[in-house]
Amino acid sequence: MSVERYQVVIVGAGLVGSAAALALGRQGLRVALIERQPPPMPDDAWDSRIYAISPASQRFLERTGAWQRLDADRIQPVFRMDVGGDVSGALRLDAYEAGVSHLATILESSRLQAALWQAIEADGNVALRCPASIAALERDGRITRITLDDGSLLEAELVVGADGAASRIREWAGQGSTLTPYGQSGVVANFTCGIPHRGTAFQWFSGSDILAWLPLAGHAAPRGLQPAADRSFSSGGNLISMVWSTQSAHADELVALDPAALAEKVQAAGHNRLGALHPLTPAAAFPLRLIRVASVVAPGIALIGDAAHGVHPLAGQGVNLGFGDAEALADMLARHRHTHCGDVGVLKRYARQRAEPVRRMQALTHGLHHLFADNRAAWLRNAGMTLVDHLPPLKAALVREAVS
Ligand SMILES: Cc1cc2nc3c(=O)[nH]c(=O)nc-3n(C[C@H](O)[C@H](O)[C@H](O)COP(=O)(O)OP(=O)(O)OC[C@H]3O[C@@H](n4cnc5c(N)ncnc54)[C@H](O)[C@@H]3O)c2cc1C
């Protein structure tokens, strides 16, 4: 039987695995990408899975050629972020005041996924195997043999696990991980709003609940109503995406609500900031958990994306951390292009480079979650927010940290 030989085989062609494959393929490495199921192709309907892409991730995606394939009418820059406490605290982060063009870009998961796959096809540097499942994995000296369920055999110097939170590659490599459920779920849904958002994202902390409204590009008439007469909003339109992190039992209640009743609840929880909300997409809920992985590398193995870490979505940074992994791994392999790709010395450098940003984000989101979940700390967090709001240099530093 013929054997296909690659320097890098990536398992999982979600957003992170696809971006890593593109970046590595563009560096001239022989790369295969294995995915068990094709992603749904986007249509005109709105995806309720929305991401806030940081400017650093945007620059990386531009370099891979995927960003340029996105429909400009479906991406929305965030210019301001209003953060509210449960009693009185308030904090506004403003791109203009901090001297940056935007804080993040909001886009749909399915459209970014499609752009990445189109770029892979257009580049022609990556052997995409989909749908394909792994029947067996075997380490033999400095290579790994991967047998697919159709019987084909691949050999790799390096296997990259980009196969998500329940990573099979992580398990096969024996990399220990701890999963801490938050007992919460993230409820997501999109709405039309009565007042244009003008590129502002909102976030409210209330007890252990965190409600975020992210501005979407474009304009739509609320379901069942005539198209709005005024389409002349200068910055952004009247569509928003919500992520409501809440106790799982409450999340189940929210998802079970009639869409109009959910819209009313979300409108009230957001203090009517954008007028009347009307449902645009059905609600869905995802369990929230912290995943810590003892080591993200081993000889011939590297983990990236959710396979390597899981964070609370309150900072909207999960996929951005994953793109940071993909970029760092591709850069590290490029810097050592004459070395075997599975060399554990090189892989450890990748792991060291990523340890600090991942640890910082896990500590920040975990710490904020507990600060807001503890009622005794209410005065402290509200006072803290108001204090930061009155300290422009600190605010500018916060914005620079968010966009880097
Ligand atoms: C409610 C919620 C809101 C979020 N909001 C944000 C946000 O605003 N911003 C943000 O940055 N992040 C956000 N995140 C986090 C984000 O969704 C994840 O970090 C991101 O999707 C991880 O991408 P990934 O490619 O690593 O993994 P995945 O998206 O899980 O992709 C893994 C891929 O591997 C494939 N696969 C798995 N096993 C195998 C196998 N054995 N063989 C072949 N293929 C396999 C799967 O089919 C899949 O395509 C949010 C998460 C939640 C729960």
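Note that ligands are numbered from 1 as they come in the structure, with each ligand's atoms numbered from 1 the same way. Numbers here are sequence positions counted from 1.
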Short N or O distance, [X] and ligand 1, threshold 3.5 Å exclusive:
X    : value
R168 : no
V16  : yes
V319 : yes
G318 : yes

Can you list the ligand 1 atoms lying under 4.0 Å from a non-hydrogen atom of [X]?
X    : result
L15  : 25 (O)
G14  : 25 (O), 31 (O), 33 (C), 49 (O)
I50  : 8 (O)
G305 : 26 (O)
N320 : 11 (O)
A162 : 32 (C), 33 (C), 34 (O)

Do [X] and [Y] make a side-chain contact, defined as non-hydrogen atoms from C-beta onward lying under 4.5 Å apart?
X    : Y   : value
L93  : D82 : no
H102 : Q58 : yes
V11  : L33 : no
R198 : F79 : no

Hey, does the side chain of E4 reach the backbone of L153 with a donor-acceptor pair shorter than 3.5 angstrom?
no

If we only consider heavy atoms of [X], is any one of them less than 4.0 Å away from an atom in ligand 1?
X    : answer
G322 : no
A52  : yes
I134 : no

Among R49, R36, Q37, whose heavy atom sits nearest atom 52 (C) of ligand 1?
R49

Is R111 salt-bridged to D47, cutoff N-O under 4.0 Å?
no

When you check the gap from the basic side-chain N to the acidic O, do R36 and D163 get nearer than 4.0 Å?
no

Check for me whether the distance between the ring centres of W213 and H197 falls short of 6.0 Å.
no

Working for side chain to side chain donor-acceptor pair (under 3.5 Å), residues T180 and R292
CA-CA 8 Å; T180 315; R292 286 199 174 102; 5.4 Å; no

Where on A307 is there a heavy atom closer than 4.0 Å to ligand 1, on the side chain, on the backbone, on both, or on neither?
neither

Heavy-atom distances under 4.0 Å are what count here, so tell me which part of Y51 touches ligand 1: side chain, backbone, both or neither.
both

Pairs meeting criterion side-chain hydrogen bond (donor to acceptor under 3.5 Å, both in side chains) with involvement of residues 255-270, two or more places apart:
Q267-N272

